[in-house]
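I have placed the structure first, in the form of structure tokens, so that the comments after it can refer back to it.
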Amino acid sequence: MGPVWIVCRDDMLEIECTHVRRYSGDFVMLGAADMVHVRVPFRAVRGLLRQGPLLHLSLDPRCAAPYNRFVLARFRAARHGTAQSRRQLRLLAGLQFFAWLGPLLLSLAAFWALRSKMSDVATWSLAAAMFVVSRLSCRALYLRVAYGAARSERLAARLQSAIEQRLGLSMVPGNMTDPISLAAGPELAPKPRLGEALGVNSRVSRLAAAAAVSAVGVAIGLALLMRFGVAERVVLPVGHLDRGLPAQTGDLVARAAAYGRPKHPSCHCQQPDLPAFRKGVSRLSLLVLPRQARFATLELAANRTHAARFEGQVGSRPRMWLQLAAVNNGGQALDSINLVVTFARRNAKGERRVVVERGLHWPGSLPPGAAVKWKLSGRGTEIKIHSRIAQRLTRSEMAPADAFLRLGSANTEAVRVHGAAMLTYLGAEGAGDAVSALSRLTANPSVLAARDSLRVAFSPLRACDVRVDDGAVGLCIDNASTTLHRKLLLKGGLEATLTDWFIPGMGLSFRLPSGRLGPEAVRVVVAEKRKEAH
């Protein structure tokens, strides 16, 4: 549909639609109709709503079928001819097409011109930033032309006021003259609020422009850094390594350079080795703190069977007393929590017998980073916690670090340990203080084992980025100390001997082809030197 001409008479509303299609009764297109003229009484108006620059007009379908619903924009007071209206429609369609084609061509031209002068990352970043900025600018220009400016909004308000006066919904001003005739632009589909804001709201337009300029600045800075801030080849003369350094450090660096470069590739720690989070972080962590029993880890995976080890004599019918806590690790609140804990024991043949179930329910909303706990007991040597919330989270989906920092004041020790572990996993600023505050815990084996894993993550020699790939274990050994090491040993979750030049402040990447990870954290210790007999 093209332009719409609207005239407000004393007793009726005249609507003339141009460039429309002709339809049959069942809305099947029959052919083109250049103009459709409709006259309806004002009582046939069923809806009139202003939404930003748009004016929604709904008529009774018995009076104006099938053209009884209009979304009008870009109002003007003068009536244009058919030829001029066609030119405006073609211009609007071309501008909408150019709003996508122009930014694409500009970003491709920038990529082609800069690909030989900058790195691939900087070139792609700058091209993407130019596409975003030019796309937002072209879209804002198109919305200005399609929806109209402030004059269009005033004319739309005048038309709305005239119709409301005819319907008796508002007072008639003294300076109003009849008849009122307004011409509306082509019918447009409603746009998202961002588009309306870019076309109307100047504050949002300024914010979008500032964000675009910031993105371009970041891309240009990255391009300059990749081009001039990183040398293609680093040459370190041994004779000049110790200038400006303390005697101990200068001698250490000179010795490392004299022996040569390490054999293994360098790396930088991105993720500490926390056994509970090697496969990712669950949206709902289930922390079990038992008495007279012990599990391999403090956090038990949902929908999996976990065997318990009892200390001392427990008899033929062992019973477990548990304190179960659930922590919401996601950034969204959980409406309710429903868990089913199954206790079971096995006979001499290893068959599962005597199954007892306990249902747990939390009816309230659990905010991000919050915890809830239950106390329960049951006879058996193994348990299985059934939960419908078992998905894994990405870093962007996790709760903020401040929410886990508040878990440091929880009454349950398992929850405090979990809060410190999440802060360590996220690399938050208060992770070290949270781990240090765990020194006042009781002698529960599960809690102490989890605390020791956190302390290993902050040791000067530590293993990080531990991953299992095709039966082999890959990891990074980071030397955060001030000592040069030649041989290191892996203990705890992995047993291996590593020989290379471990330079202070540098990490080396290793891949152990026949390694097998255990449930404990991987510890790195220095190999003891053998004393030679004289």
Scan for salt bridge (charged side-chain N to carboxylate O under 4.0 Å, His left out) pairs involving residues 457-466, sequence neighbours excluded, and state none if there are none.
R462-D478
Under 3.5 Å donor-acceptor, [X] side chain and [Y] backbone:
X    : Y    : result
R416 : L438 : no
N479 : S481 : yes
T412 : A414 : no
D273 : A457 : no
R135 : A99  : yes
D500 : H264 : yes

Stepwise side-chain contact (heavy atoms from CB on, under 4.5 Å) check, F404 with L407
CA-CA 5 Å; F404 297 113; L407 295 180; 4.0 Å; yes
Looking at [atom1] of [X] and [atom2] of [Y], how far apart are the two atoms once the value is rounded to the nearest 0.5 Å?
X    : Y    : atom1 : atom2 : value
E299 : H306 : CD    : NE2   : 9.0 Å
L508 : I477 : CG    : CD1   : 8.5 Å
L286 : I385 : CG    : CD1   : 5.0 Å
S134 : L105 : OG    : CG    : 10.0 Å
I383 : R304 : CD1   : CZ    : 12.5 Å
M130 : L106 : CE    : CG    : 4.0 Å

Please name all residues satisfying disulfide (SG to SG under 2.5 Å) with C138, sequence neighbours left out, ordered by chain then number.
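Here no residue qualifies.
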Please test V526 against T483 for side-chain contact (heavy atoms from CB on, under 4.5 Å), starting from the C-alpha separation and ending with a verdict.
CA-CA 11 Å; V526 181; T483 306; over 6 Å; no
For E382, give me all partners under salt bridge (Lys or Arg N to Asp or Glu O under 4.0 Å), at least two apart in sequence or on another chain.
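So E382 forms a salt bridge (Lys or Arg N to Asp or Glu O under 4.0 Å) with R346, R352.
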Selection residues 422-433 - residue pairs positive for side chain to side chain donor-acceptor pair (under 3.5 Å), sequence neighbours left out
none
Atom CH2 of residue position W374 - does it have more than 12 heavy atoms of other residues, nucleotides or ligands inside 6.0 Å?
yes
Scan the side chains in residues 486-497 for donor-acceptor partners under 3.5 Å anywhere in the protein, sequence neighbours excluded, and list what turns up.
none

Does the side-chain contact (heavy atoms from CB on, under 4.5 Å) test come out yes or no for N338 and I389, once each step is laid out?
CA-CA 9 Å; N338 296 291; I389 308 173; over 6 Å; no
Here the pair of heavy atoms bringing V415 nearest to A371 is CG1-CB, 4.0 Å
Which atom names give the shortest non-hydrogen contact between G380 and M320, and what distance separates them?
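Closest approach of G380 to M320, heavy atoms only: O-CE, 3.6 Å.
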What verdict does the side-chain contact (heavy atoms from CB on, under 4.5 Å) test give for T342 and V355, after you've listed the backbone C-alpha separation in whole Å, the side-chain angles of each residue and the deciding distance to 0.1 Å?
CA-CA 7 Å; T342 302; V355 178; 3.4 Å; yes
SG proximity flag C476/C464, limit 2.5 angstrom:
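The answer is no, since C476 and C464 keep their SG atoms 2.5 Å or more apart.
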Pair up each side-chain donor or acceptor in residues 321-333 with any protein partner under 3.5 Å, not counting sequence neighbours, and list the distances.
| from | atom 1 | to | atom 2 | distance (Å) |
| --- | --- | --- | --- | --- |
| N328 | OD1 | G330 | N | 3.1 |
| N328 | ND2 | Q332 | O | 3.0 |
| N328 | ND2 | L366 | O | 3.1 |
| N328 | ND2 | P367 | O | 3.3 |
| N329 | OD1 | H418 | NE2 | 3.0 |
| N329 | ND2 | S282 | O | 2.8 |
| N329 | ND2 | S285 | OG | 2.6 |

